[in-house]
Amino acid sequence: MKQVLPPGMTASQMDRALKAMARVVGDDWVLATDLDRDTYLDHFAVDEAAHAAAAAVAPLTAEQVAEVVKLANAHKLPLWPISRGKNFGYGGAAPRLKGSVVLDLSRMKKIEFDTENGTALLEPGVGFYDLYDYIQQNKLPYWVSTPGNSWGSVIGNALDRGVGYTTYGENTSKLCGMEVVLPTGELVRTGMGAMTGSPTWNLYKYGFGPAWDQMFVQSNYGVVTKAGMWLQPAPESMIGLDMELENVGDLEWSVDLISGFRRDGLLVQSPSIGSWLRGAAVLTSRKDWYDKPGALPDDVIAAIRKRFGIGWWSISLRFYGYEGVNEAAAAVVQAAFAKKSQQAFKVTRWKQGMPLEPTPFQGFPVTFPLANAAWHGGRGGHIGYSPVLPSNGRAAMDQFRRTYNRYQEYGMDYHGSFSMSERSITNVNQVLFNKDDAEMMKRVNGFFRALVSDATERRYGEYRTHIEYMDLVAGTYDFNNHALRRANEAVKDALDPNGILAPGKSGIWPKRYRNLRT
Amino acid sequence: MKTPIRLQQIAWTLAACAFSAVAAAADAPPGKPLFTTRCGMCHQTNGMGVSILSRRPADASKGLLEARDDLSAEFVYVVARMGTGNMPRISRAEVSDEELREIALYISRGKP
Ligand SMILES: Cc1cc2nc3c(=O)[nH]c(=O)nc-3n(C[C@H](O)[C@H](O)[C@H](O)COP(=O)(O)OP(=O)(O)OC[C@H]3O[C@@H](n4cnc5c(N)ncnc54)[C@H](O)[C@@H]3O)c2cc1C
């Protein structure tokens with residue numbers, strides 16, 4: 001990729017800024033060749049060039065980050081921070097604003113582990129595999145909450161409100177205390193960390209006065225250089241209950257049952273109810289089943305389900321902790337399901353001392369779910385569409401039907417799941433496409449916009465979105481003529497007067513670039 | 001007839017043991033531990049690369065790069081930096097040129 005520049009900047013201004021940054025991080029860590037620029041493109045995107053970076057700068061310490069940020073102010077250069085930049089489905093490593101310089105924190109890999117309290121103070125470059133290996137090497141009695149794509153960063157994932165599949169699965173809620181470089185270059189610590197040397201920085205979330213950790217999540221208000229994460233103590237036992245649901249309509253009653261158990265706290269893990277394509281797209285390619293365009297017809301869906309012995313929906317519930325408590329909880333859930341369905345759960349039991357199941361259910365890092373991008377053959381890609389619904393079966397079923405019809409209308413294969421929190425459901429839909437199929441690629445944008453518009457009609461908003469659609473999604477949060485956006489941008493202008501940090505992230509534009517809102 | 005595979009297995013479980021960098025042997029060639037920590041998440045047991053490569057040329061033996069003898073160092077270098085199919089490009093911040101050369105040498109068994 002030839003050099004791209006941010007609006008209003010010349011090549012020689014960019015060159016001067018990068019040279020100044022090289023004096024801070026070292027020549028080797030300013031990455032500005034054509035090939036370097038390519039390595040920061042979003043490999044899974046519909047249009048990679050739309051979000052190309054001008055270069056990347058990769059500091060090693062918080063002090064270097066602060067110096068780079070100060071230089072960005074001096075040179076009016078927009079930066080886009082990433083931890084490991086594996087945000088596939090949401091933009092990868094690529095910036096919202098074309099021509100930004102990626103502030104790549106992947107070299108910052110320090111881990112400070114508090115074994116007694118089960119917390120880890122992590123730098124952003126620490127990946128799920130790094131933390132998992134650290135725990136194994138040091139034989140620590142803790143589990144990591146790993147996402148379906150664990151190639152990324154523990155902190156990066158939590159900063160985008162990512163999820164894992166154990167009781168600690170809501171990763172952003174396990175953040176406790178941060179170190180942040182503000183857009184002016186000042187280094188602050190949040191919560192108890194604001195007291196120099198406090199031993200409770202990563203133990204108590206709020207500190208004294210306003211608590212700011214969530215202010216740095218999905219925002220462009222600071223560069224997180226360290227954050228505390230709480231880790232799940234390795235449980236004494238685990239019970240797994242797995243069920244294949246035969247009919248599309250079974251979604252409704254099963255969501256209602258699980259919602260109740262999530263609300264009353266019997267089930268602490270956030271289970272996800274997923275459709276048949278979730279597994280099929282990882283293990284096989286579409287051409288193994290069907291060679292025509294358009295959404296897969298019912299008889300093909302039936303063949304896939306038969307081959308893998310799966311339902312229209314699959315549910316996996318997990319109970320963690322003391323054995324007696326798990327047994328009692330699982331029995332209550334089994335009895336409730338038995339009233340609705342003849343089918344029995346497949347029960348698995350695990351205890352300390354047994355080998356771990358190599359899945360995120362037991363905190364293993366994995367990447368194989370990414371193989372679903374190869375579903376269509378060709379160069380695969382994917383964007384995620386994930387509205388938040390109220391936690392009840394009617395809402396889930398209604399949302400499913402409209403979404404399914406849209407997939408059919410646009411000739412795409414349905415890939416949806418319902419992730420159940422305590423009071424809400426995140427309906428994660430993967431839009432899998434084939435970048436070598438020009439005709440299909442023309443449909444993707446219209447399809448995505450139709451999905452957002454359907455959700456907005458029901459007043460459902462997305463929990464997270466691809467960089468290409470950040471303005472679209474932010475625009476759906478419209479109460480009082482977009483009062484929250486005005487508030488967000490007032491904060492932005494106060495903290496970042498030169499508008500250098502991640503302009504446009506989450507639809508928040510600094511004054512300097514506000515005219516670029518789409 | 002093929003044995004049916006349960007979805008919960010398909011969804012998360014593809015093999016009996018997961019990758020862990022801990023397993024890298026101390027006396028292995030220098031490219032081996034680097035390959036494990038930088039590439040192993042996708043190109044060792046359970047990885048996305050193994051899954052896709054095993055089915056794409058319809059030849060399961062192509063899945064594990066460490067078991068292959070048909071890759072040149074140049075090819076490994078170019079694919080890592082430029083990406084291919086579903087493999088995203090790997091930046092120099094994530095794997096430096098020097099590290100990538102070691103890895104390429106290891107995977108190519110010394111073939112330039
Ligand atoms: C098949 C598939 C399955 C997936 N499964 C899951 C899943 O189960 N759960 C899940 O959560 N995700 C999932 N993902 C999405 C994504 O791949 C992961 O969330 C991944 O962890 C994000 O990449 P990362 O951790 O490298 O974060 P990054 O890309 O580094 O960061 C994410 C965003 O946070 C911001 N940010 C990062 N670091 C900083 C910082 N230090 N300071 C300020 N801002 C920062 C940046 O804007 C960045 O864009 C999946 C994706 C695919 C394709």
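A note on names: the letters A, B, ... follow the listed sequences, proteins ahead of strands, and every chain is numbered from 1.
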Does B:Gly47 offer a backbone N or O that forms a donor-acceptor pair with the side chain of A:Thr367 under 3.5 Å? no
Taking side chain as everything from C-beta outward and backbone as N, CA, C, O, which of these in A:Ser285 sits under 4.5 Å from a heavy atom of chain B? Side chain, backbone, both or neither. both
The residue among A:Ile82, A:Asp36, A:Asp104 that forms side-chain contact (heavy atoms from CB on, under 4.5 Å) with B:Ser91 is A:Asp104
Can you tell me how far apart CG (A:Leu370) and CE (B:Met87) are? Round to the nearest 0.5 Å. 12.0 Å
Side chain, backbone, both or neither of A:Ala371 within contact of chain B (heavy atoms, under 4.5 Å): both
Euclidean distance, B:Arg92 CZ relative to A:Trp29 CH2, rounded to 0.5 Å: 8.5 Å
Quick check: under 4.5 Å, non-hydrogen atoms only, which of residues 93-112 of chain B neighbour chain A? B:Ala93, B:Glu94
To the nearest 0.5 Å, atom CG of B:Asn86 lies from atom CZ of A:Phe88 at 10.5 Å
Are more than 12 heavy atoms, taken from residues, nucleotides or ligands other than B:Phe75, located less than 6.0 Å from that residue's CZ atom? no
Once rounded to the nearest 0.5 Å, what's the spacing between atom CG of A:Leu35 and atom CZ of B:Arg89? 9.0 Å
Would you mind checking which part of A:Lys86 comes under 4.5 Å of any heavy atom in chain B, side chain (CB onward), backbone (N, CA, C, O), both or neither? side chain
Need one label for A:Thr284: side chain, backbone, both or neither, based on atoms under 4.5 Å from any heavy atom in chain B. backbone
Which heavy atom of B:Ile90 sits nearest to which heavy atom of A:Thr39, and what is that distance? O-CG2, 3.5 Å
Among residues at least two apart in sequence or on other chains, which ones pass side-chain hydrogen bond (donor to acceptor under 3.5 Å, both in side chains) with A:Gln362? none
Distance, nearest 0.5 Å, that separates CZ of B:Arg81 from OG1 of A:Thr33: 9.0 Å
Pick one of side chain, backbone, both or neither for A:Phe128, based on which atoms fall under 4.5 Å of a heavy atom in chain B. neither
